[in-house]
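Notes for the one structure printed next.
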Amino acid sequence: MMLPPLLLVGGGAMGSAMLSGWVEAGVSQVVVIDPAPTRALTGPAVTVVPDAASVPAGFDPACLILAVKPQMAGAVLPGLARFGGVALSIMAGRTIAGLSAVLTGPVVRAMPNTPAAIRAGITVACAGPGVSPAQRALCDALLRAVGVVEWVDEEGMIDAVTAVSGGGPAYVFLLAELL
């Protein structure tokens with residue numbers, strides 16, 4: 001399946017892992033907003049720009065992927081309001097309602113885990129109000145490029161997944177270190 005044009009905001013570890021999966025899946029075009037790229041964000045269809053104002057004129061992404069640190073959201077999100085399409089957020093702790101208040105399109109909130117870097121991740125996702133079946137299918141395809149996807153109806157379940165995905169491995173490593 002050829003993926004439509006995407007706008008990836010943030011090029012951190014998870015954003016880079018997901019981008020690699022999309023490039024392998026044959027994405028048509030991705031513009032990455034990353035003011036200080038520290039990873040190789042490359043591919044035949046990838047353009048990296050420092051900010052939203054530098055996105056090429058006329059670029060109309062089908063999906064806006066939010067992969068910035070949650071503490072950076074306040075500075076970044078207002079510049080993205082001009083882009084339509086569905087927003088796919090992988091930011092921990094940022095709710096669908098909070099994102100919907102700033103963005104113009106519907107929002108899907110998702111939490112992938114670290115094995116996504118090797119295409120073996122598990123992502124839990126929740127579609128917000130106004131997400132069409134086609135938009136949900138697009139987000140599902142994007143997330144499946146890095147592993148298995150499970151959908152939940154209750155957004156609060158995403159917080160539990162975040163706690164287990166982030167805290168569970170840290171606890172195991174601490175226990176192993178103590179032994």
Heavy atoms only: give me the nearest G74-P78 pair and the separation to one decimal. O-CD, 3.3 Å

Under the 3.5 angstrom rule, does the side chain of R109 hit a backbone N or O of T95 as a donor-acceptor pair? no

Taking the side chain from E155 and the backbone from I96, do they hold a donor-acceptor pair closer than 3.5 Å? yes

What about M72 and I90, same hydrophobic cluster or not, with Ile/Leu/Val/Met/Phe/Trp/Tyr joined at side-chain heavy-atom distances under 4.5 Å? no

Approximate separation, where rounding is to 0.5 Å, of L103 CG and R82 CZ: 13.0 Å

Show the nearest heavy-atom pair for residues P106 and P129, with the distance to one decimal. CB-O, 3.8 Å

Minimal heavy-atom distance between L80 and V76, with the atoms involved, is CG-O, 3.6 Å

Would you say that L77 contacts L66 through its side chain, given a criterion of any heavy-atom pair below 4.5 Å between the two side chains? yes

Test item: T104 side-chain N/O and F83 main-chain N/O as donor-acceptor pair under 3.5 Å: yes

Does the side chain of W151 reach to within under 4.5 Å of the side chain of V108, using non-hydrogen atoms? yes

When you group the ILVMFWY residues by side-chain heavy-atom contacts below 4.5 Å and let the links chain together, are V31 and L142 in the same group? no

Give, for atom OG of S20 and atom CD of E24, the distance between the pair rounded to the nearest 0.5 Å. 6.5 Å

In terms of heavy-atom contacts, V102 and A81 come closest through O-CB, 3.6 Å

Give the minimum heavy-atom separation between Q135 and G85, together with the two atoms involved. NE2-C, 4.3 Å

Measuring only between side-chain heavy atoms, which start at C-beta, is V46 closer than 4.5 Å to V23? yes

side-chain contact (heavy atoms from CB on, under 4.5 Å), that's the test. Do V131 and V107 meet it? Break it down for me. CA-CA 7 Å; V131 174; V107 176; 5.9 Å; no

Donor-acceptor contact present, side-chain S54 to main-chain P50, <3.5 Å: no

Closest approach of I33 and D51, non-hydrogen atoms and distance? CG2-CA, 3.6 Å

In this structure, SG of C63 is separated from CG of L8 (nearest 0.5 Å) by 9.5 Å

To the nearest 0.5 Å, how far apart are CE in M157 and CD in E150? 11.5 Å

Is L138 linked to V32 within one hydrophobic cluster, defined over Ile, Leu, Val, Met, Phe, Trp and Tyr using a side-chain heavy-atom separation of less than 4.5 Å? yes

For residues F59 and V30: do they belong to one hydrophobic cluster (side chain heavy atoms under 4.5 Å, members Ile, Leu, Val, Met, Phe, Trp, Tyr)? no

Keeping S28 on the side-chain end and L3 on the backbone end, is there a donor-acceptor pair under 3.5 Å? yes

Linking I/L/V/M/F/W/Y whenever their side-chain heavy atoms sit closer than 4.5 Å, directly or via other members, would V149 and I65 fall into one cluster? yes

Can R144 and D140 be counted as an ion pair, charged N to O under 4.0 angstrom? yes

Check: V86 and C139 side chains under 4.5 Å, non-hydrogen atoms: yes

Full working for side-chain contact (heavy atoms from CB on, under 4.5 Å) between M18 and L143: CA-CA 8 Å; M18 295 177 84; L143 296 169; 3.5 Å; yes

